[in-house]
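I have placed the structure first, in the form of structure tokens, so that the comments after it can refer back to it.
Note that the coordinates shown come from a computational prediction; the quantities given were computed from them, not determined experimentally.
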Amino acid sequence: MEPFAAILLIVFGVPLSVVGLIALFSALILLLPGPIQQARINLEERPWRSIFLGLLNSTAAAIILGLLNTLMTNNWGLEPVFTSLMIFISMAVAIPTVIGLCATIVLVGTRLGEARKLFFTYLRGGGLLLLACLTPFVGWFIFTPLVLWASMGSVIGGLMRHKEPMPEVPEKS
């Protein structure tokens with residue numbers, strides 16, 4: 001029965017995952033153009049700062065999740081509380097990372113060159129980024145963490161940026 005499950009996973013799971021990722025990133029690029037553009041600009045202007053912020057925040061999240069897991073194993077009565085807290089922290093890390101990945105896809109796609117339609121520009125950028133991350137060893141252990149840290153850090157760096165106050169418009173009397 002195990003080979004049958006593996007064949008089903010390869011035949012149905014992989015294509016559905018690829019189509020789902022394309023749909024997710026396309027929808028986010030269409031629905032959140034402002035934050036994605038801000039993250040792309042932040043990633044272009046300060047790539048090392050973005051990587052450092054992403055590394056710092058993912059390390060902090062991993063330490064907190066590890067401590068919560070240790071507390072959960074020692075105190076089973078509070079397992080639902082710790083589990084929900086761990087899910088919340090994981091989502092708080094995943095959301096900026098996905099938004100930053102959209103910005104990275106836009107950046108790579110535009111640097112590759114504009115296609116006739118923006119969808120194909122971003123599809124090429126996302127495909128190239130995915131293939132680079134799937135490259136054995138260098139892609140797995142060096143490129144993928146750097147891309148994830150830069151993606152998360154570009155969004156967090158954009159959140160930390162000081163906003164300029166809007167100038168006051170005089171009222172007509």
Side-chain angles (χ1 to χ4, degrees), residues 17-18 20-76 78-112 121-166:
S17 297
V18 170
L21 281 174
I22 292 170
L24 173 71
F25 288 129
S26 298
L28 284 175
I29 289 170
L30 290 173
L31 293 174
L32 301 172
I36 290 173
Q37 187 69 12
Q38 183 181 10
R40 185 191 63 78
I41 290 170
N42 199 11
L43 190 59
E44 268 184 317
E45 291 177 356
R46 299 178 193 91
W48 291 108
R49 178 179 173 222
S50 297
I51 291 171
F52 177 71
L53 280 173
L55 174 66
L56 190 67
N57 282 294
S58 63
T59 304
I63 290 171
I64 291 170
L65 288 173
L67 289 173
L68 285 173
N69 191 26
T70 304
L71 287 173
M72 186 173 67
T73 57
N74 290 335
N75 190 352
W76 287 101
L78 295 175
E79 180 183 4
V81 174
F82 289 135
T83 303
S84 60
L85 201 57
M86 290 170 71
I87 290 171
F88 177 75
I89 291 170
S90 298
M91 294 302 291
V93 169
I95 290 171
T97 304
V98 170
I99 292 172
L101 279 173
C102 289
T104 307
I105 288 170
V106 169
L107 179 65
V108 170
T110 53
R111 286 191 179 177
L112 277 174
T121 302
Y122 300 152
L123 188 64
R124 281 189 331 192
L128 180 69
L129 199 62
L130 177 67
L131 288 176
C133 289
L134 289 176
T135 304
F137 301 112
V138 174
W140 299 339
F141 301 118
I142 296 173
F143 190 70
T144 300
L146 286 176
V147 167
L148 291 174
W149 292 334
S151 298
M152 181 195 304
S154 67
V155 174
I156 292 170
L159 292 174
M160 292 175 28
R161 183 177 288 176
H162 298 295
K163 308 274 186 201
E164 296 177 7
M166 297 288 288

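- Thr121 and Gly109 get closest at one heavy-atom pair: CG2-O, 3.2 Å.
- One distance of note links CD1 of Ile156 with CG of Leu53; it measures 6.5 Å at 0.5 Å rounding.
- When all heavy atoms are compared, the tightest approach of Asn42 to Gly153 is ND2-O, 4.2 Å.
- Atoms CG and CZ, on Leu129 and Phe143 in that order, are 5.0 Å from each other to the nearest 0.5 Å.
- By the 4.5 Å heavy-atom criterion applied to side chains, Leu68 and Ile89 are counted as neighbours.
- Val155 and Ala39 make their closest contact through CG2-CB, 3.9 Å (heavy atoms, listed as atom of the first residue, atom of the second, distance).
- Residue Ala132 comes nearest to Thr135 through the heavy atom pair O-OG1, 3.2 Å, listed as atom of the first residue, atom of the second, then distance.
- To the nearest 0.5 Å, the span separating CD on Glu45 from OG on Ser154 amounts to 12.0 Å.
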- Stepwise side-chain contact (heavy atoms from CB on, under 4.5 Å) check, Leu148 with Met152: CA-CA 6 Å; Leu148 291 174; Met152 181 195 304; over 6 Å; no

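- Of the inter-residue distances, the one linking Thr144 atom OG1 with Trp149 atom CH2 reads 10.5 Å to the nearest 0.5 angstrom.
- The CG atom of Asn69 lies 13.5 Å from the CD1 atom of Ile64; values are rounded to the nearest 0.5 Å.
- Taking both residues in full, the closest heavy atoms of Leu134 and Trp140 are given as O-NE1, 3.3 Å, listed atom of the first, atom of the second, then distance.
- Between Leu146 and Ile51 the shortest side-chain heavy-atom distance falls below 4.5 Å.
- Of all heavy-atom pairs between Gly158 and Gln38, the closest is O-NE2, 3.2 Å.
- The line from OG1 of Thr110 to CD1 of Ile105 is 11.5 Å long, rounded to the nearest 0.5 Å.
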- Query: Given Phe25 and Val98, is the side-chain contact (heavy atoms from CB on, under 4.5 Å) satisfied, shown in steps?
  - Reply: CA-CA 8 Å; Phe25 288 129; Val98 170; 4.0 Å; yes

